Amino acid sequence: MSYRVCLVCLGNICRSPMAEVVLRKTLDDHGLGDLVTVDSAGTGSWHQGGPMDERAAATLADHGYDGSLHRARQFLGDWYGQIDLVLAMDGENLRALRRLAPDGADVRLFRSFDPAAPEGAEVPDPYYGDGEGFSEVLKMVEAASEGLAGYLADRLR
């Protein structure tokens, strides 16, 4: 039985799918790919069934990642029984997820796993900005993914 992680942003077309793709590769690189299942979702329903934002996919591709198979979906409260760790990209989504969470659910900010990030650090939404915002998000996601891989290695081995 694998440990399950779900990464969550607002619409599931930028930050959380980028984090999903990067975290999967990072876990594979650390030999944890068979022990951890990673997926993503959004707290909103606007983009359900749609692909990743083109700018997010292009940024990933430029750095050797493949986000082409992603399809957006909305996080549902009844998933908590099937997910071990829910990671929000920002405080707004963290609050929304905690409102849905049963007692004892492990819901945190994703960047809390980046040892260089300040407490309460968020992954900003690049959707309304230019392409540079997606590059900045990728750097944050890669750093947090490395930290999370270390945490999971300690926990699962």
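Atom set for the values below is all heavy atoms of this structure, side chains included, hydrogens, waters and symmetry mates excluded. Note that this is a predicted model, so its numbers are computed, not measured. For this chain, numbers begin at 1 and follow the sequence in order.
In terms of hydrophobic clustering, with Ile, Leu, Val, Met, Phe, Trp and Tyr side chains grouped at heavy-atom distances under 4.5 Å, Val141 and Tyr65 are assigned to a common cluster. Met89 and Val21 fall within the same hydrophobic cluster, where Ile, Leu, Val, Met, Phe, Trp and Tyr residues are linked whenever their side-chain heavy atoms come under 4.5 Å apart, directly or through other members. Both Val38 and Leu156 belong to a common hydrophobic cluster when Ile, Leu, Val, Met, Phe, Trp and Tyr are linked at side-chain heavy-atom distances under 4.5 angstrom. Criterion: ILVMFWY side-chain heavy atoms under 4.5 Å apart, direct or through other members. Under it, Leu23 and Leu60 are part of a common hydrophobic cluster. Residue Met52 is not grouped with residue Val8 when hydrophobic side chains (ILVMFWY) are merged at heavy-atom distances under 4.5 angstrom, including chains of intermediate members.
In this structure, CG on Leu85 lies 10.0 Å from CZ on Phe110, to the nearest 0.5 angstrom. Atom NE2 of His30 sits about 9.5 Å away from atom CZ of Arg157, to the nearest 0.5 Å. If you take CG on Leu35 and CG on Leu152, they are separated by 9.5 Å, rounding to the nearest 0.5 Å. The line from CG of Asp39 to CZ of Arg24 is 7.0 Å long, rounded to the nearest 0.5 Å. The line from CD of Gln74 to CD of Gln48 is 5.0 Å long, rounded to the nearest 0.5 Å. Here CG of Asp84 is found 8.5 Å from CZ of Arg4. Values are rounded to the nearest 0.5 Å.
For the pair Phe75 and Ala41, the tightest heavy-atom approach, listed with the atom from each and the gap, is N-CB, 3.6 Å. Minimum interatomic distance between Met140 and Arg111 (heavy atoms only, all atoms of both residues): SD-NH1, 3.7 Å. Listed here is the closest heavy atom pair of Glu122 and Pro124: O-CD, 3.5 Å. In this structure, Leu10 and Trp46 approach most closely via the heavy-atom pair O-CZ3, 3.5 Å. Taking both residues in full, the closest heavy atoms of Asn12 and Gly42 are given as CB-N, 3.3 Å, listed atom of the first, atom of the second, then distance. Considering every non-hydrogen atom in both Ser16 and Ser40, the closest pair reads O-CB, 3.6 Å.
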Step-by-step side-chain contact (heavy atoms from CB on, under 4.5 Å) determination, Thr59 to Ser135: CA-CA 6 Å; Thr59 300; Ser135 295; 4.2 Å; yes
Verdict with reasoning, Phe134 to Asp53, per side-chain contact (heavy atoms from CB on, under 4.5 Å): CA-CA 10 Å; Phe134 290 88; Asp53 180 281; 3.7 Å; yes
Trace of the side-chain contact (heavy atoms from CB on, under 4.5 Å) decision for Leu138 with Met18: CA-CA 7 Å; Leu138 180 59; Met18 289 178 76; 3.9 Å; yes
Stepwise side-chain contact (heavy atoms from CB on, under 4.5 Å) test for Glu146 and Thr26: CA-CA 7 Å; Glu146 282 294 330; Thr26 304; 3.5 Å; yes
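The shortest side-chain heavy-atom distance between Ser2 and Val36 does not fall under the 4.5 Å cut-off. Two residues are said to be in side-chain contact when any heavy atoms from C-beta on lie closer than 4.5 Å; Pro126 and Arg55 fail this criterion. Contact check for Val5 versus Leu87: side-chain heavy atoms found under the 4.5 Å cut-off.
Taking the centre and axis of the six-membered ring of Tyr151, the NZ or CZ atom of Arg108 falls inside the cone set by 45° and 6.0 Å.
The ring-ring contact (aromatic ring centres under 6.0 Å, His included) check on Tyr127 picks up nothing, with sequence neighbours excluded.
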Only distances under 3.5 Å count here; give the side-chain donor-acceptor pairs of residues 93-101 to other protein atoms, sequence neighbours excluded, each with its distance to 0.1 Å.
unit_1	atom_1	unit_2	atom_2	d
Asn93	OD1	Thr43	OG1	2.6
Asn93	ND2	Asp90	OD1	3.0
Asn93	ND2	Asp90	OD2	3.2
Arg95	NH1	Gly91	O	3.2
Arg98	NH2	Val107	O	2.9

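Of the charged side-chain nitrogens involved, at least one lies within less than 4.0 Å of a carboxylate oxygen, so that Glu136 and Lys139 count as a salt-bridged pair.
No more than 12 heavy atoms of other residues, nucleotides or ligands shown are found within 6.0 angstrom of CG on Asp34.
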